[in-house]
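See below for the structure under consideration.
First the proteins, then the strands, lettered A, B, ... as listed; each starts at 1. Both backbone and side-chain heavy atoms feed into the values below; hydrogens, waters and symmetry mates do not.
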Protein chains: 2
Amino acid sequence: MRKKISIHDIARHLNVSATTVSFVLNGRAEEMRIGAEVKKRVLDYAETTNYRPNLVAKSLRTGKSRIIGMMVEDISDPFFASIARGIERKAYQLGYKIFFASTENQTSNAGDLIKVFRERQVDSYIIAPPPGIASEIQALIEHEHPVILFDRYFPDLETTNVIVDNYNGTRKATDHLRSNGSSQIGFVTLESAQTQMHDRLQGYLHAIAQWGQAPCILQLPYALPANSSVEKIKAFIRQHKEMDGILFGTNYLAFSGLEAINELGRKIPDDLAVVSFDDSRFFRLFTPPVSAVAQPLEKIAETIISLLMKSLDTPASKRCVETIVLETEFIVRKSSLKRKKTPSRTR
Amino acid sequence: MRKKISIHDIARHLNVSATTVSFVLNGRAEEMRIGAEVKKRVLDYAETTNYRPNLVAKSLRTGKSRIIGMMVEDISDPFFASIARGIERKAYQLGYKIFFASTENQTSNAGDLIKVFRERQVDSYIIAPPPGIASEIQALIEHEHPVILFDRYFPDLETTNVIVDNYNGTRKATDHLRSNGSSQIGFVTLESAQTQMHDRLQGYLHAIAQWGQAPCILQLPYALPANSSVEKIKAFIRQHKEMDGILFGTNYLAFSGLEAINELGRKIPDDLAVVSFDDSRFFRLFTPPVSAVAQPLEKIAETIISLLMKSLDTPASKRCVETIVLETEFIVRKSSLKRKKTPSRTR
DNA sequence: TTATTTTACTTTATCGATTTAGCAAAACTG
DNA sequence: CAGTTTTGCTAAATCGATAAAGTAAAATAA
């Protein structure tokens with residue numbers, strides 16, 4: 001096993017100092033007045049020996065790791081996975097690496113992760129925060145680490161946030177149900193006081209208030225197993241016979257909901273129309289396809305990274321905080337041609 | 001901004017040496033005969049100042065980073081995302097952190113990533129390798145880094161591999177289609193010579209050979225956009241009128257396939273029965289639900305981590321290579337009660 | 001009582017980079 | 001031709017930890 005070569009090995013071999021090698025390899029040869037010939041010899045030797053800098057050493061010396069710590073609820077959740085993927089792509093291009101981690105939306109997990117990240121000298125953070133972690137985030141900012149919150153945020157905290165317009169998302173979705181014939185619209189959401197769910201709830205409430213409908217809401221605990229969700233949604237549907245439209249607060253709630261509706265033998269959309277907040281590639285595959293409020297995943301990732309880079313380029317003292325609100329898109333899906341072609345096909 | 005405190009700060013404050021502090025904080029106080037009182041003072045002071053070791057410095061000194069580099073095709077793909085999640089959970093418990101990265105199954109991306117990982121002093125690797133990366137992986141092993149390949153591997157390389165029994169997976173799936181009435185079974189797969197797809201193909205071929213059916217195969221290029229896949233699958237189905245069963249080589253091919261079948265107005269399973277390799281939580285939500293070959297995701301993650309830990313505990317010279325083949329589970333999904341209860345419901 | 005061992009630490013080197021300060025030789029200036 | 005500047009480098013300190021080797025004082029043994 002040939003050992004890894006260091007800057008000192010190069011220096012020794014060429015009879016120059018490590019400093020010179022460092023300057024050359026960092027492209028500071030001119031600035032530091034290193035002769036053209038020495039420069040060439042260093043470059044050539046580094047090339048032939050396939051020298052790779054030890055970034056751990058570099059980090060220790062410079063205090064910057066070029067590592068981003070990213071914490072989300074669950075990296076295997078399609079929403080977070082997509083955003084993570086987008087961020088990954090852009091970060092790598094910029095020479096940054098990412099530690100991804102899942103909080104399960106637990107305060108304690110997030111707290112532990114922040115500690116671990118700090119030990120590892122992570123120098124910036126992208127966080128979809130769980131409740132109760134505001135003070136730790138505040139501490140990160142006080143330590144001058146760039147922090148971007150996304151998906152949800154703390155209104156009391158002066159952070160840079162990237163979110164979507166949840167309020168108008170559910171509002172448009174509710175209006176859509178109404179204008180497509182539903183008069184009693186239910187909302188199935190999470191028992192969560194976090195901003196994203198709060199705003200979605202408000203959007204729904206304000207929408208139904210327009211035509212004077214009373215709220216009809218089911219709030220499920222976070223991380224409820226899918227089969228329990230299905231049961232609770234079934235009970236909810238049974239209890240509200242008058243309900244002829246349902247809006248789901250997340251796509252996985254919608255999946256449980258579709259299953260519940262299916263099991264109850266209700267017909268979509270004739271018995272019960274369905275719309276989901278947060279799109280999924282699967283909605284178009286259902287019969288009938290499901291309309292949804294799509295979040296601009298690529299745009300979210302892009303915005304997060306560009307704000308983060310801006311923050312990294314700015315001294316802590318003059319970083320400005322801002323909350324970027326991205327628009328959602330309402331995707332209307334009607335039954336495909338099949339439905340029209342064979343309206344009375346038996347199943 | 002209060003500065004981060006180091007072992008030297010503690011030493012200075014308590015009038016002891018940094019070495020003493022290091023020993024105490026690493027639990028080596030007894031071994032190194034540090035007095036109980038000094039030990040207590042160090043521990044207390046570290047506690048009150050909220051001392052956190054600088055793991056970058058530690059890595060530099062010890063040469064171990066306790067960072068695992070994990071490379072998969074795409075971390076947002078549900079298969080890889082689930083495995084990543086399982087690995088993440090276990091790795092954190094063991095004090096390891098993970099760099100996740102996506103290769104897009106491109107040799108050059110994987111090569112670059114290996115370089116980046118090495119610069120960052122990653123000390124072990126979990127890789128779902130793209131084609132053509134065998135020599136770089138060989139080099140990693142020669143440098144005595146523990147490496148675990150999963151999902152696919154290189155038969156010529158002496159590596160530790162964690163795979164599933166792809167051959168029997170497709171074989172069982174094909175048999176299932178046959179015994180449920182399909183007599184002409186098609187196979188939609190990827191244009192890939194990698195082991196996992198190769199074995200799936202063989203399973204299919206051997207299965208149909210049992211009853212003398214001729215192969216009926218569609219191979220799609222890797223990373224084909226979903227809408228092109230749909231078109232190609234539609235053409236394939238149209239060309240093979242006699243085909244009454246289709247096996248899909250991956251779940252995303254199955255999704256395209258379902259869309260294609262839908263658009264052609266064929267009925268599942270009466271016109272065309274469908275089975276997918278690689279399960280998805282969505283298959284049960286389709287009407288009718290789709291049977292699938294499920295890979296043991298949790299078990300794969302578990303096996304990878306335990307082999308990796310074993311490897312890390314073993315000197316490079318006496319690590320043994322092994323290929324663990326995990327069994328798949330064939331999940332039969334019949335139409336739900338609804339189908340039976342209301343066989344002639346119109347839609 | 002002297003020699004040896006044990007106790008309880010400390011000194012110093014090191015990991016692989018960066019960075020500040022410095023220094024000799026060459027070139028230029030007046 | 002002495003003095004200053006520029007050129008082209010290098011020595012040494014540093015980041016924050018660990019580890020090998022050392023050492024003074026106390027305890028024990030002969």
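Atom CG of Asp123(B) and atom P of dC15(C) are 18 Å apart (whole Å). Spacing between atom CG of Leu55(A) and atom P of dG16(C) amounts to 13 Å, rounded to whole angstrom units. Regarding Lys4(A), its NZ atom lies at a distance of 13 Å from the C1' atom of dC15(C), rounded to whole Å.
Here the range on DNA chain D touched by chain B, meaning any atom under 4.0 Å from one of its heavy atoms, is dG16(D) to dA20(D).
Residue pairs meeting the salt bridge (charged side-chain N to carboxylate O under 4.0 Å, His left out) criterion with at least one partner in residues 37-57 of chain B, sequence neighbours excluded, are Glu119(A)-Arg52(B), Glu30(B)-Lys39(B), Glu37(B)-Arg41(B), Lys40(B)-Asp44(B). Residue pairs meeting the salt bridge (charged side-chain N to carboxylate O under 4.0 Å, His left out) criterion with at least one member in residues 11-20 of chain A, sequence neighbours excluded, are Asp9(A)-Arg12(A). For residues 146-159 of chain B, every residue pair satisfying the salt bridge (charged side-chain N to carboxylate O under 4.0 Å, His left out) rule, not counting sequence neighbours, is listed here: Glu73(B)-Arg152(B). Applying the ring-ring contact (aromatic ring centres under 6.0 Å, His included) rule to pairs touching residues 97-122 of chain A yields Phe99(A)-Phe99(B), sequence neighbours excluded. Residue pairs meeting the salt bridge (charged side-chain N to carboxylate O under 4.0 Å, His left out) criterion with at least one partner in residues 302-317 of chain B, sequence neighbours excluded, are Lys310(B)-Glu322(B). Sorted by first then second residue, the ring-ring contact (aromatic ring centres under 6.0 Å, His included) pairs that include residues 9-60 of chain B, not counting sequence neighbours, are His13(B)-Tyr45(B).
Between Arg89(A) and Glu104(B), at least one side-chain N (NZ, or NE/NH1/NH2) sits under 4.0 Å from a carboxylate O, which counts as a salt bridge.
Taking five base pairs at each end of the helix from dT1(C)-dA30(D) to dG30(C)-dC1(D), the local helix axes there meet at an angle of 60°, rounded to 10°.
For Lys90(B), the salt bridge (charged side-chain N to carboxylate O under 4.0 Å, His left out) criterion is met by Glu298(B), not counting sequence neighbours. Scored by the side chain to side chain donor-acceptor pair (under 3.5 Å) test, Ser59(B) finds no partners at all (sequence neighbours excluded). In this structure, Phe80(A) has no ring-ring contact (aromatic ring centres under 6.0 Å, His included) partners at least two apart in sequence or on a different chain.
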Tell me, for nucleotides 7-14 of chain C in 5' to 3' order, what letter each nucleotide earns: B for a base near a protein heavy atom under 4.0 Å, S for only sugar-phosphate near one, - for neither? BBBBBBBB

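Distances shorter than 4.0 Å separate none of the side-chain N or O atoms of Tyr51(A) from OP1 or OP2 on dG16(C).
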